[in-house]
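First listed ligand is number 1; within each ligand, the first listed atom is number 1. The first residue of the sequence shown is numbered 1, and numbering continues consecutively from there.
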Amino acid sequence: MIPAEFDYHRATTVDEALTLMQQYGEEAKLLAGGHSLLPAMKLRFNTCTHLIDIGRLKELHYIREVGGDLAIGANTTHAEIAVSNLVQQKAAALAQAAAVIGDPQVRNMGTLGGSLAHADPAADYPAAVLALDATIHVKGPEGERTITAMDFFQDLYLTELDEEEIITEVRFPITDHPSAYLKFPHPASRFAVVGCAAKLTDSGARVAFTGIANAAFRDENVEDALEGKPLNAATIAEAAAQATDGEELLADLFAGANYRRHLARVFAKRTLLKAAGIE
Ligand code: FAD
């Protein structure tokens, strides 16, 4: 299918993109890798008439250590995140999530900022971003602000981001604790039917899911069950068995809610074992 007609604007700076966003208001959309927006436009799910291309902005394209954080520019592609030694060492769950997104074409074009802004309920990054306790840095007409991962994901395709704001960077606090991400991919789309990220902490672990609810979330059942306990195969199995208790889960033709709940428990256990280095 071919999208409806639109005007194309290539921004040369973030500030120029912000000005264009204000100029065209509701008719405008940012374009980064285009691998969520363009399919949506072809299907007429999105009918914006002005595309503001920020995909080539170098100022949003980097992976570096800043103070005690790993800082990744919004335009960094999934492929770059997957193979980065720095990300693999400091935020393994993110690199592992990036490595299993879609196929090579999607990974070479799609960006971290685009994926987070799109907030597909089956996207991989949200679980990793939550478990790694990231902050999302954004710039808008009112200036810059940071949003915690916990506040960012609100509902189906809905985030805390304002219409005229641009994600500029995502920061991950660096600690010595390991992390991991695993997913059960949909066999056709490769999106997560269930995706689970875990990061160990001083007193337990942060555990987050994607693919199973309207928005990615941290699972307090599992986290509370691990709090203050030694991490071993028995404590992990016991905690993982409580995953998604009390949560209303998504159901579709491929996977009903009970099946997703079962998968969530299996993947919580596998992900925690992987993060803890227990075979
Ligand atoms: P775009 O499509 O350019 O934009 C998406 C949305 O984000 C738009 O609304 C845009 O306006 C907004 N936006 C973009 N950048 C910014 C920014 N910096 N600040 C604010 N708003 C911004 N994803 C997965 O997680 N797992 C998968 O397995 C997976 N499989 C896929 C398979 C296929 C065949 C395809 C086509 C896509 C798949 N995706 C998957 C989605 C893919 O990861 C997209 O690349 C990603 O969701 C969007 O990133 P993008 O850079 O392409 O954003």
Quick one: which of Gly140, Ser36, Gly195, Ala122 has a heavy atom closest to atom 46 (C) of ligand 1? Ser36
Protein heavy atom at shortest distance from atom 22 (C) of ligand 1: Ala117 CB, 3.5 Å
Where is the nearest protein heavy atom to atom 11 (O) of ligand 1: which residue, which atom, and how far? Leu30 O, 2.6 Å
Looking at non-hydrogen atoms alone, which of Thr159, Ile167, Thr76, Ile136 comes nearest to atom 17 (C) of ligand 1? Ile167
Mutual orientation of the aromatic rings belonging to Phe184 and Tyr259 [parallel < 30°, tilted 30-60°, perpendicular > 60°]: perpendicular
If you scan protein heavy atoms around atom 36 (C) of ligand 1, the nearest is His35 O, 3.3 Å
Using the test side chain to side chain donor-acceptor pair (under 3.5 Å), find all partners of His118 that sit at least two apart in sequence or belong to another chain. none
With no hydrogens and no angle check, do the side chains of Thr135 and His137 hold a donor and an acceptor under 3.5 Å apart? yes
For a quick test of your reading: what N or O donor-acceptor pairs under 3.5 Å do the side chains of residues 207-215 make, sequence neighbours left out?
unit_1: Thr210; atom_1: OG1; unit_2: Pro121; atom_2: O; d: 3.2
unit_1: Thr210; atom_1: OG1; unit_2: Ala123; atom_2: O; d: 2.7
unit_1: Asn214; atom_1: ND2; unit_2: Asp155; atom_2: OD1; d: 3.2

Which of these, Asp124, Val100, Asp53, Leu57, has its nearest heavy atom closest to atom 24 (C) of ligand 1? Asp124
Under a 3.5 Å threshold, yes or no: a donor from one side chain and an acceptor from the other, between Gln105 and His35? yes
How far is atom 5 (C) of ligand 1 from its nearest protein heavy atom, and which residue and atom is that? Gly114 O, 3.7 Å
